[in-house]
Amino acid sequence: MPELPEVEVVRRGLATHVEGRRLVGVELRGHRVARRHVAGPEDLASRLAGRRVAAVRRRGKYLWWDLEDGVGLILHLGMSGQLLVEDPALPDEKHLHARFSFEGGGPELRFVDQRTFGGLALTDLGHDGVPLTIAHIAPDPLEDAYDRAAVVRRMKGKDSAVKRVLLDQTVVSGIGNIYADEALWRAQVHGERPASALTKPRLGTLLDHATEVMREALGEGGTSFDALYVNVNGASGYFDRSLAAYGQEGRPCRRCGTPIRREQFMNRSSFSCPRCQPRPRRVRAAGSARA
DNA sequence: CCCCCACCCTGTCCGC
DNA sequence: TGCGGACAGGGTGGGG
């Protein structure tokens with residue numbers, strides 16, 4: 001489940017079920033789920049057995065288990081990954097890729113992923129406790145390490161479209177296509193405006209809207225349009241009812257009544273209000289004004 | 001550095 | 001019913 005709120009919902013569910021428990025068995029199906037684990041699935045499974053899950057952590061859309069001794073298991077959901085706590089007697093899902101069982105018995109944990117864009121990998125943790133392989137991912141707005149002023153400065157220095165910058169996980173993490181569109185709608189900014197063309201207070205406000213909308217979504221259990229996006233118990237969130245822009249093509253804008261438009265941007269759909277979020281008149285590279 | 005594209009996969013929906 | 005195409009919340013790597 002893609003964006004920060006949905007991943008945080010999963011993190012919380014996982015924390016309840018696996019924190020402090022010891023892995024007794026790990027079964028991996030196929031090689032794709034562990035493709036980012038260079039040593040291969042057998043190595044991954046054997047190195048996991050017997051380890052204790054000290055904590056379940058998250059940065060942006062990435063989850064990982066702190067397995068002590070400076071080692072972590074990254075669990076990334078990609079577009080369609082699910083982590084499900086289930087009775088071992090239940091039949092296997094069609095796209096079951098991994099099964100974890102824990103000391104003391106009880107329900108098992110399954111990694112199910114229709115498209116297999118997600119996956120598992122064992123990696124060393126850095127001094128800050130973050131896996132080395134995701135050191136390029138910036139802190140997300142719900143972390144202590146999040147430096148709002150630094151992110152604003154970074155955004156201000158970019159001539160790229162502001163939506164592209166919001167989606168750049170090396171600038172600020174956790175924001176995906178839904179919450180980027182919602183933040184832009186709240187801030188009344190068109191996503192194709194160059195970030196550098198917005199004032200720092202405006203960029204700060206935009207970031208705060210992104211933070212706030214993700215907090216609200218978390219409070220509703222995340223956004224679920226279909227059964228693909230569920231928590232560890234298979235339940236959906238309700239934030240889809242609160243979306244003002246994403247997926248609302250043709251529906252009246254909640255502010256001004258103008259029908260929400262849909263445009264293509266970065267090979268995906270963008271939703272915005274034509275009146276509240278006018279397109280930039282002209283997108284011009286910085287420096288092109290020099291005579 | 002920046003941007004665009006292809007790619008990694010499967011499923012659903014819509015028009016013909 | 002079938003078929004082709006578009007589309008879906010993710011990220012990475014290569015080439016220009």
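Residue numbering restarts at 1 for every chain, and letters A, B, ... go by the order of the sequence lines.
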*Asks:* Determine the contact category for A:His136: base if any of its heavy atoms lies under 4.0 Å from a base atom, sugar-phosphate if only primed atoms, P, OP1 or OP2 are that close, otherwise nothing.
*Replies:*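 Sugar-phosphate only.
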
*Asks:* Hey, what do you get for CZ (A:Arg21) to OG (A:Ser101), rounding to the nearest 0.5 Å?
*Replies:*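 Those atoms lie 9.5 Å apart.
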
*Asks:* Taking the six-membered ring of A:Trp185 as reference, does the NZ or CZ atom of A:Arg254 fall below 6.0 Å from its centre and within a 45° cone about the axis?
*Replies:*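 Ring-cation test returns no.
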
*Asks:* Given C:dG10, C:dT12, B:dC4, which nucleotide is nearest the side-chain atoms of A:Lys61?
*Replies:*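 Comparing C:dG10, C:dT12, B:dC4 against the side chain of A:Lys61, the answer is C:dG10.
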
*Asks:* Would you say A:Arg36 places a side-chain N or O within less than 4.0 Å of OP1 or OP2 belonging to C:dG11?
*Replies:*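 No.
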
*Asks:* Scan nucleotides 5-10 of chain B nucleotide by nucleotide, 5' to 3', and note B when protein non-hydrogen atoms come under 4.0 Å of the base, S if they reach only the sugar-phosphate, - if neither.
*Replies:* S--BBB

*Asks:* Check A:Arg32 with A:Asp113, please: is the shortest side-chain N to carboxylate O separation under 4.0 Å?
*Replies:*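 Salt bridge: no.
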
*Asks:* Looking at A:Leu184, A:Leu206, A:Val189, which hits side chain to side chain contact (heavy atoms under 4.5 Å, CB included) with A:Lys163?
*Replies:*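 Among the candidates, only A:Leu184 passes.
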
*Asks:* Choosing from B:dC3, C:dA8, C:dG9, which nucleotide comes nearest the side chain of A:Pro2?
*Replies:*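 Looking only at side-chain atoms, A:Pro2 lies closest to C:dG9.
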
*Asks:* For atom P, what is the distance between C:dG5 and B:dA6, given to the nearest Å?
*Replies:*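 15 Å, rounded to whole Å.
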
*Asks:* Does C:dG9 have OP1 or OP2 sitting under 4.0 Å from an N or O in the side chain of A:Tyr246?
*Replies:*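 Yes, such a contact exists.
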
*Asks:* With nearest nucleotides of DNA chain C determined for A:Arg262 and A:Gln169 from heavy-atom distances, which residue corresponds to the more 5′ nucleotide?
*Replies:*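 The 5'-side residue here is A:Arg262.
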
*Asks:* In the structure shown, which nucleotide is the Watson-Crick or G-U wobble counterpart of B:dC9, with both distances under 3.5 Å?
*Replies:*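 Result: none.
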
*Asks:* Roughly how far apart, to the nearest Å, are C:dA6 and B:dC5 at atom P?
*Replies:*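 Between the two P atoms, the distance is 15 Å.
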
*Asks:* Write down the distance between CD1 (A:Ile134) and P (C:dG11), rounded to a whole number of angstrom.
*Replies:*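 From A:Ile134 CD1 to C:dG11 P: 11 Å.
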
*Asks:* Would you kindly give the CD1-to-P distance between A:Ile74 and C:dG11, to the nearest whole Å?
*Replies:*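 It is 13 Å, rounded to the nearest whole Å.
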
*Asks:* A:Arg268 has an atom CZ; how far is it from atom P of B:dC3, in whole Å?
*Replies:*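 Going from CZ in A:Arg268 over to P in B:dC3 covers 15 Å.
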
*Asks:* Looking at A:Arg186 and A:Glu182, is any side-chain nitrogen of the basic one under 4.0 Å from a carboxylate oxygen of the acidic one?
*Replies:*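 Salt bridge flag = no for A:Arg186 with A:Glu182.
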
*Asks:* Just checking A:Tyr62: base, sugar-phosphate only, or nothing, at a heavy-atom cut-off of under 4.0 Å?
*Replies:*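 Sugar-phosphate: the residue A:Tyr62, judged by heavy atoms under 4.0 Å, touches backbone atoms but no base.
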
*Asks:* Would you mind reporting whether A:Ile178 and A:Phe225 have side-chain heavy atoms less than 4.5 Å apart?
*Replies:*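 Side chain of A:Phe225 against side chain of A:Ile178, heavy atoms only: contact under 4.5 Å found.
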
*Asks:* Who does C:dG9 pair with, Watson-Crick or G-U, both distances under 3.5 Å?
*Replies:*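 Partner of C:dG9: none.
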
*Asks:* Given atom CG of A:Asn177 and atom P of C:dA8, what is their separation to the nearest angstrom?
*Replies:*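 Rounded to the whole Å, the gap is 8 Å.
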
*Asks:* Taking atom C1' of C:dG11 as reference, at what distance in whole Å does atom CE of A:Met266 sit?
*Replies:*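 Rounded to the whole Å, the gap is 11 Å.
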
*Asks:* Tell me the interatomic distance from A:Gln82, atom CD, to C:dG10, atom C1', rounded to whole angstroms.
*Replies:*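 In whole Å, C:dG10 C1' and A:Gln82 CD are 14 Å from each other.
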
*Asks:* Is there a side-chain contact between A:Arg215 and A:Leu142 (heavy atoms, below 4.5 Å)?
*Replies:*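 Yes, close enough: below the 4.5 Å cut-off.
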
*Asks:* To the nearest Å, give me how far apart CG (A:Leu4) and C1' (C:dG10) are.
*Replies:*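 Atom-to-atom, A:Leu4 to C:dG10, this comes out as 14 Å.
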
*Asks:* CZ of A:Phe271 versus P of C:dC7: gap in Å, rounded?
*Replies:*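 For the pair A:Phe271 CZ and C:dC7 P, the rounded distance is 10 Å.
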
*Asks:* Within the pair A:Ser80 and C:dG10, is there a side-chain N or O less than 4.0 Å away from OP1 or OP2?
*Replies:*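 False: A:Ser80 side-chain N/O out of range (4.0 Å or more) of C:dG10 OP1/OP2.
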
*Asks:* Are the side chain of A:Asn177 and the backbone N or O of A:Ser269 linked by a donor-acceptor pair below 3.5 Å?
*Replies:*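 Yes, the answer is positive, given that a donor and an acceptor are paired below the 3.5 Å cut-off.
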
*Asks:* Counting only Watson-Crick pairs (N1-N3 plus N6-O4 or O6-N4) and G-U wobbles (N1-O2, O6-N3), all under 3.5 Å, who is the partner of B:dC1?
*Replies:*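 No nucleotide pairs with B:dC1.
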
